[in-house]
Amino acid sequence: MEQHVRVLQSSPLSMQDSLRPHLRAILDTFEAVPDNFEITFEEPDRPEHGDLATNTALRLASVLGDNPRSIAERLAERLSERVDPSRIRSVEVAGPGFINFRFAQDYLFDGLADLLAEGDAFGQTDVGAGQTALVEYVSANPTGPLNVGHGRNAVLGDTLATLLDWTGYDVTREYYYNDAGRQMRVLARSVRARYKALAGAAGTTTMTLDDGTTVEVPEGFPEDGYLGQYIIDIARDLSDEHGDALLDTEDLTPFRTAAEEAIFAEIEATLRRLNIEMDGFANEQALHDDGTVQEVLDGLTDAGLTYEKDGALWLKTTAFGKEDDTVLVKQSGEPTYRTPDIAYHTTKFERGYDLMIDVFGADHHAAYPDVLNALGALGYDQERVDVVLYQFVTLVRGDEPVKMSTRRANYVTLDDLIDEVGADVTRFFFLMRSPDTHLNFDLELAEEESEKNPVFYLQYAHARICSVLDKAEEVGFSHDDDADLSLLTHADEIALIKELLRFPQELQNAADARAPHFVPNYLRDVATAFSQFYDNCRIIGEEDALASARMRLALAAKTVLKNGLTVLGIDAPRQM
RNA sequence: GCGCUCGUAGCUCAGUCGGACAGAGCAUCGGUUUCCGGUACCGAAGGCCGGGGGUUCGAAUCCUCCCGAGCGCACCA
């Protein structure tokens, strides 16, 4: 905890924490104020409203039956007597009854010194210390290359994991896939048909797709088989390795295994390009093999939540408020995807995670409540599972939507996207919007390496600071850590310091709200504040003491940009 | 029909405990450089926050009804 206090010492969060007890003590002297009255602070939008504000008086008006302005006056007067003048410069009543606080400059300089001392670790907090978190993401079944939607999932999940890591959690990144169901069977049959065709053991036939067009496929190719070129490549590899030896085998296993391995290798390679490395993989088959799936079925049955009908086993989801019950085990004896999914989640609980986050596409929204409710029925605390849903991605090029057909596998793959715009831009564009909004990914804008492209604005600011610091050192200036930071009194210097000190809180908010997009938005503000400072405050040419102090401030800005981009998984280049 | 997400400037979007005159980027128009990276900075213009009703001292934010968009509503995942 000592670490936590030290890290946050300079941020507005700790200022709130230090002001709150004072205000609480004052409120305690008012009979009518309930003990559980919540004291809240906000960071005002406008500088003339100070650095921190509270609406306490406004909210007490009805409770006390007095006008908010006069309540505020009384509170402010007593607060002024209590606060530490080395941290708070002024306490004022403003507007309808807000109490505005202004930070003392020494408080800012101390914060800046702390920031510089922490360096690469600045921004880390330990509010999650001692807690473990599992983030499940990507979780695409290995039936083909990752698409653009998987990309949003992957980048969101990865960044959420990093955010939790930076806020103190012990984080595990996990990828779950279904390797036991129908999809993998269709995949194996698709490969087998291609393999037979390559060996000359199958003729060709035509198949009509949903859009009315026809394609040539081998005889025996599944109705809903996978049409991509990668299937043929896998078949060819099998043919090279085994010759005709697999022609007569009825067992799909060699085809399935070969496909799974080949496709997984591709998926992992794609993820690696995006700086994504999973800690572990979990698969459905293992849950069947070790009996977890059966335990779940037994548990739900013991809870009285299942029944048999039409040869299938049903889950009474109506008991959770749904319109219809849903099938757990099909007539065929095979479970639906839901059942192993519940089983998988029980393994997360059994492994003892305090927090479990699932990243799912919007198309899952109807399904996950069943999983959560089933977990609740099995005695697990569903509050510990948090589902982050993201809306779909549309690729556009200027005004033109990019047409895609999943069926034909002629969609733009995630690899194609990375080839076209690069990993940094890919990550940034997926992260800069709220998961809740439908994402328009503009390839034209993404490819533009100019000021129009927000990721370059941040990278440019970082590169520029590196360049300026190098130049200043070349001509004989230095930024010792004993520089006198109190020389930084220009309005743009103060504004930049305040912006930089918000970083730990900003990461905290992003982690708490599961909202990675807070970070790109914040970093843009940092880059803007730096640019304004840079425009109005020279370094080279100033007297040594001031130049040193400004170099320290530039270094601090560089640190925040670098750390922020690191959290986003994006490179912070020294030059563009 | 039901459910989820969304509807904010010309475009793409912030605004996540309801707060003080609604923000950013791009696009448009205008300005800034003897000087550290102008891929920058400053300014202007641009909004009945989809619409109606309600709660509140106060609503883009909460409730309700309507309109519109996307996604779901499988013994597919």
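Note that the structure is a prediction, hence the values are computed from the model and not measured. Chain naming here is simple, since letters A, B, ... match the order of the sequence lines and numbering starts at 1 in each.
Of all nucleotides present, none satisfies the Watson-Crick or G-U wobble test against A14(B) with each distance under 3.5 Å. Nucleotide U61(B): unpaired (no Watson-Crick or G-U wobble partner with both distances less than 3.5 Å).
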Can you check nucleotides 74-77 of chain B for protein contacts, nitrogen or oxygen pairs under 3.5 Å, and list what you find?
residue, atom, partner, partner atom, Å
C75(B), O2, Gln331(A), N, 2.7
C76(B), OP2, Lys330(A), NZ, 2.4
A77(B), OP2, Tyr337(A), N, 3.1
A77(B), O3', Asn141(A), ND2, 2.9
A77(B), O3', Asn178(A), OD1, 2.1
A77(B), O2', Asn141(A), ND2, 3.1
A77(B), N6, Tyr337(A), OH, 3.2

All N/O pairs under 3.5 Å across the protein-nucleotides 18-22 of chain B interface:
residue, atom, partner, partner atom, Å
G19(B), N7, Asn55(A), ND2, 2.6
A20(B), N6, Asn100(A), OD1, 2.9
A20(B), N1, Asn100(A), OD1, 3.2
A20(B), N1, Asn100(A), ND2, 3.1
C21(B), N3, Arg46(A), NH1, 2.9
C21(B), N3, Arg46(A), NH2, 3.2
C21(B), N4, Arg46(A), NE, 2.9
C21(B), N4, Arg46(A), NH1, 2.5
C21(B), N4, Glu48(A), OE2, 3.0

Distances for protein N or O near nucleotides 41-50 of chain B N or O, under 3.5 Å:
residue, atom, partner, partner atom, Å
C41(B), OP1, Tyr457(A), OH, 2.4
C41(B), O2', Asp535(A), OD2, 3.4
C42(B), OP1, Gln532(A), NE2, 2.0

N/O-N/O pairs, protein side and nucleotides 4-9 of chain B side, under 3.5 Å:
residue, atom, partner, partner atom, Å
U5(B), O2', Gln391(A), NE2, 3.4
U5(B), O2', Asp436(A), O, 2.9
C6(B), OP1, Asp436(A), OD2, 3.2

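Under 3.5 Å, the side chains of Glu448(A) and Asn453(A) contain no donor-acceptor pair of N or O atoms. For the residue pair Thr159(A) / Arg427(A), a side-chain donor-acceptor distance below 3.5 Å is found, with atom types taken as modelled.
Counting non-hydrogen atoms under 4.0 angstrom, Arg550(A) reaches nothing in the nucleic acid. Nucleic acid contact class of Ala362(A) (heavy atoms, under 4.0 Å, all strands): sugar-phosphate only. If you check every strand for non-hydrogen atoms under 4.0 Å, Phe530(A) touches nothing. Within the nucleic acid shown, Cys537(A) comes within 4.0 Å of at least one base atom, counting heavy atoms only.
The shortest heavy-atom contact between Phe441(A) and Ala446(A) is CE2-CB, 3.8 Å.
Cation-pi geometry between Arg59(A) and Phe37(A) is satisfied (NZ or CZ under 6.0 Å from the ring centre, within 45° of the ring normal).
With hydrogens and angles ignored, a donor-acceptor pair under 3.5 angstrom links the side chain of Arg538(A) to the base of C35(B).
With P as the reference atom, C26(B) and G70(B) are 30 Å apart, rounded to whole Å.
Under the salt bridge (Lys or Arg N to Asp or Glu O under 4.0 Å) criterion, Glu136(A) pairs with Lys348(A), sequence neighbours left out.
Proximity of Asn440(A) to the phosphate of C13(B): a side-chain N or O atom is located under 4.0 Å from OP1 or OP2. Between His438(A) and U12(B), a side-chain N or O to OP1/OP2 separation shorter than 4.0 Å is absent.
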Kindly list each side-chain donor-acceptor pair under 3.5 angstrom involving residues 305-312 of chain A, sequence neighbours excluded, with atom names and distances?
residue, atom, partner, partner atom, Å
Thr306(A), OG1, Thr301(A), OG1, 2.9
Tyr307(A), OH, Asp325(A), OD2, 2.7

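In this structure, Phe281(A) and Tyr177(A) have perpendicular ring planes: the angle between them is above 60°, well past the 30° mark.
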